[in-house]
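Remember, predicted model here, so these are calculated numbers, not experimental data. Numbers here are sequence positions counted from 1.
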Amino acid sequence: EPMLWIRSLWTERDYQIGTILVYDETLFAERVRSLSCMDEAQMEEPQDAYLSSYQFDTNSYEIVPETRGTELVEERVLDVISQAVLELQKEVDLDMAGCYTKAAVSADDADLAAAAEELNCFTGTVVTHRFGEQEEVLDGDTIHEWLTVDGQTVTLDESKPAEYVRSLAKKYNTAYGKRPFLTTYGDVVTIQGGSYGWRMNEAKEAEAVLAAVKEGVIVTREPEWITEGASHGEYDYGDTYVEVNLTGQHLFFYKNGNLLVECDFVSGNASKNWSTPAGIYPLTYKQRNATLRGENYATPVSYWMPFNGNIGLHDADWRGSFGGALYKTNGSHGCVNLPPKAAKIIYEN
């Protein structure tokens with residue numbers, strides 16, 4: 001209406017323009033998707049932060065930080081670039097605009113930190129067992145094999161301490177086992193059988209080790225024992241013992257390495273299958289003026305020193321002689337019959 005322009009000079013009007021810039025959304029999306037940064041083949045997914053494997057140099061586990069990756073969220077990219085186009089922006093920072101996929105677990109994740117702390121509590125444990133001059137050390141280098149990690153959940157295999165203690169017992173137990181013995185006659189013989197020696201209380205010791213691992217403590221322990229020897233090692237009987245030579249029917253008693261008694265004796269009657277059992281035994285107890293009872297007999301003795309049930313060392317004042325072949329047909333019910341003087345000295349020492 002060109003004829004109205006003169007009137008418009010004295011008339012004010014407001015115009016609201018809805019869109020300055022219009023574009024084809026389909027073509028726009030195609031163009032954005034063609035950008036090199038949108039090539040899915042070139043994208044790398046972000047990696048969550050995670051717990052490292054056990055580090056032998058530090059005896060610990062570490063949190064490995066997350067990686068950012070280059071994976072873009074297409075819908076977010078389209079929105080951000082579209083807004084930039086409409087606002088006539090020349091650049092878009094996709095990172096600042098939050099267009100990249102984020103790792104689900106970051107290095108400052110509280111649950112991840114708690115899992116690392118729990119792991120390092122376990123592997124920070126040091127349990128030193130002493131066996132005389134020998135030591136066995138349990139630390140993270142072994143304990144880490146008892147742990148499993150599922151995501152951020154740590155599990156301790158509570159059967160492993162028992163296995164560890166069992167290995168110690170197998171190595172250091174001597175009771176009921178074999179050991180060399182240097183006889184007074186100069187021969188080295190192998191003693192087998194008998195209850196004397198070291199025998200670990202595996203159940204109690206396993207409980208103690210498990211508790212130490214759970215608490216993450218550093219501790220030196222003497223193992224829990226059911227029975228103990230005089231010393232550790234092959235010669236666990238020390239230097240105070242009675243050497244009973246069943247073949248020679250002769251006895252030697254040493255105290256602190258010094259010979260106090262040497263005498264003949266009479267052992268169990270071989271012809272009646274009452275032979276004295278070979279082996280190495282501790283005295284169960286000692287008793288003065290005891291009465292030994294069995295089938296059809298009750299025998300009083302002055303010095304009673306049992307070592308294997310109702311078999312023990314004792315005086316036999318009713319015997320006129322000792323040693324030789326007496327035991328073959330005229331032996332005891334299994335005990336070691338001693339001359340009264342020898343029995344007294346052994347009892348008192």
Side-chain angles (χ1 to χ4, degrees), residues 132 174-199 227-270 274-292 299-328 330-349:
T174 59
Y176 303 101
K178 296 179 180 180
R179 51 175 67 72
F181 177 74
L182 176 61
T183 69
T184 302
Y185 297 116
D187 298 325
V188 176
V189 298
T190 298
I191 303 175
Q192 183 172 2
S195 58
Y196 180 84
W198 299 94
R199 183 156 68 99
T227 60
E228 300 182 24
S231 60
H232 286 284
E234 290 184 319
Y235 301 94
D236 62 346
Y237 40 81
D239 57 6
T240 298
Y241 56 83
V242 181
E243 177 184 341
V244 181
N245 190 312
L246 294 173
T247 303
Q249 293 288 287
H250 199 70
L251 172 150
F252 305 90
F253 172 50
Y254 293 91
K255 182 176 182 180
N256 299 325
N258 299 313
L259 181 64
L260 293 191
V261 174
E262 179 181 355
C263 67
D264 289 334
F265 62 84
V266 177
S267 62
N269 193 324
W274 293 342
S275 296
T276 302
I280 179 168
Y281 304 90
L283 288 187
T284 309
Y285 62 92
K286 297 192 302 181
Q287 184 180 347
R288 286 279 278 121
N289 302 319
T291 299
L292 310 183
T299 304
V301 298
S302 298
Y303 304 99
W304 172 229
M305 295 166 278
F307 58 80
N308 184 355
N310 59 355
I311 295 175
L313 304 162
H314 64 77
D315 55 299
D317 58 4
W318 60 88
R319 287 190 181 276
S321 61
F322 296 86
L326 289 173
Y327 75 99
K328 293 183 178 180
N330 189 28
S332 69
H333 289 84
C335 290
V336 178
N337 291 180
L338 301 172
K341 182 179 179 180
K344 180 177 185 296
I345 295 173
I346 294 173
Y347 185 95
E348 292 176 347
N349 287 275

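- By the 4.5 Å heavy-atom criterion applied to side chains, His250 and Cys263 are not counted as neighbours.
- Here the closest heavy-atom approach between residue Lys286 and residue Tyr347 is recorded as NZ-O, 2.7 Å.
- Asn330 is listed as a side-chain neighbour of Arg319, based on a closest heavy-atom distance under 4.5 Å.
- With rounding to the nearest 0.5 angstrom, the SG atom of Cys335 is 8.5 Å from the CG atom of Leu313.
- Phe181 and Tyr237 make their closest contact through CD1-OH, 3.2 Å (heavy atoms, listed as atom of the first residue, atom of the second, distance).
- Residues Ile346 and Leu251 form a side-chain contact, since some pair of their non-hydrogen atoms from C-beta on lies under 4.5 Å apart.
- Separation of atoms CG (Asn258) and CZ (Phe253) is listed at 10.5 Å; rounding is to 0.5 Å.
- For the atom pair CG of Asn308 and OG1 of Thr284, the computed distance is 7.5 Å after rounding to the nearest 0.5 Å.
- A donor atom on one side chain and an acceptor atom on the other are found under 3.5 Å apart for His314 and Asn337.
- Counting heavy atoms from C-beta outward, Asp315 and Leu338 have side chains that stay 4.5 Å or more apart.
- Taking the six-membered ring for Trp and thresholds of 30 and 60 degrees, Phe252 and Tyr185 have ring planes more than 60 degrees apart, a perpendicular arrangement.
- In plain terms, the two heavy atoms of Gly233 and Thr174 that are nearest each other are O-CG2, 4.2 Å.
- With rounding to the nearest 0.5 angstrom, the CG atom of Asp239 is 5.5 Å from the CG atom of Asn256.
- Distance OG1/Thr184 to CD/Glu262: 7.5 Å, rounded to 0.5 Å.
- Checking side-chain atoms of Arg288 against main-chain N and O of Tyr303 turns up no donor-acceptor pair under 3.5 Å.
- Judged by distance alone, with hydrogens and angles left aside, the side-chain atoms of Trp198 form a donor-acceptor pair with the main-chain N or O of Ser231 at under 3.5 Å.
- Counting only distance, with no hydrogens or angles, the side chain of Tyr281 and the backbone of Ala278 share a donor-acceptor pair below 3.5 Å.
- Pro282 is not listed as a side-chain neighbour of Phe307, based on a closest heavy-atom distance of 4.5 Å or more.
- Using a 4.5 Å cut-off on side-chain heavy atoms (C-beta onward), Leu246 and Phe265 make contact.
- The aromatic rings of Tyr254 and Tyr241 lie tilted to each other, with the angle between the two planes from 30° to 60°.
- With sequence neighbours excluded, the residues satisfying side chain to side chain contact (heavy atoms under 4.5 Å, CB included) with Glu234 are Pro180.
- In this structure, NZ in Lys328 is found 11.0 Å from OG in Ser275, a value given to the nearest 0.5 Å.
- Counting only heavy atoms from C-beta outward, the side chains of Arg179 and Ile191 approach each other to under 4.5 Å.
- Proximity of a side-chain donor or acceptor of Gln249 to a complementary backbone N or O of Ser267 within less than 3.5 Å is detected.
- Taking 4.5 Å as the limit, every side-chain heavy atom of Trp274 sits out of range of all side-chain heavy atoms of Ile311.
- When every heavy atom of Gly334 is checked against every heavy atom of Thr276, the shortest pair comes out as O-OG1, 2.7 Å.
- Ile345 approaches Asn349 most closely through the heavy-atom pair O-ND2, 2.8 Å.
- Nearest heavy-atom pair across Val266 and Ser321 is CG2-O, 4.2 Å.
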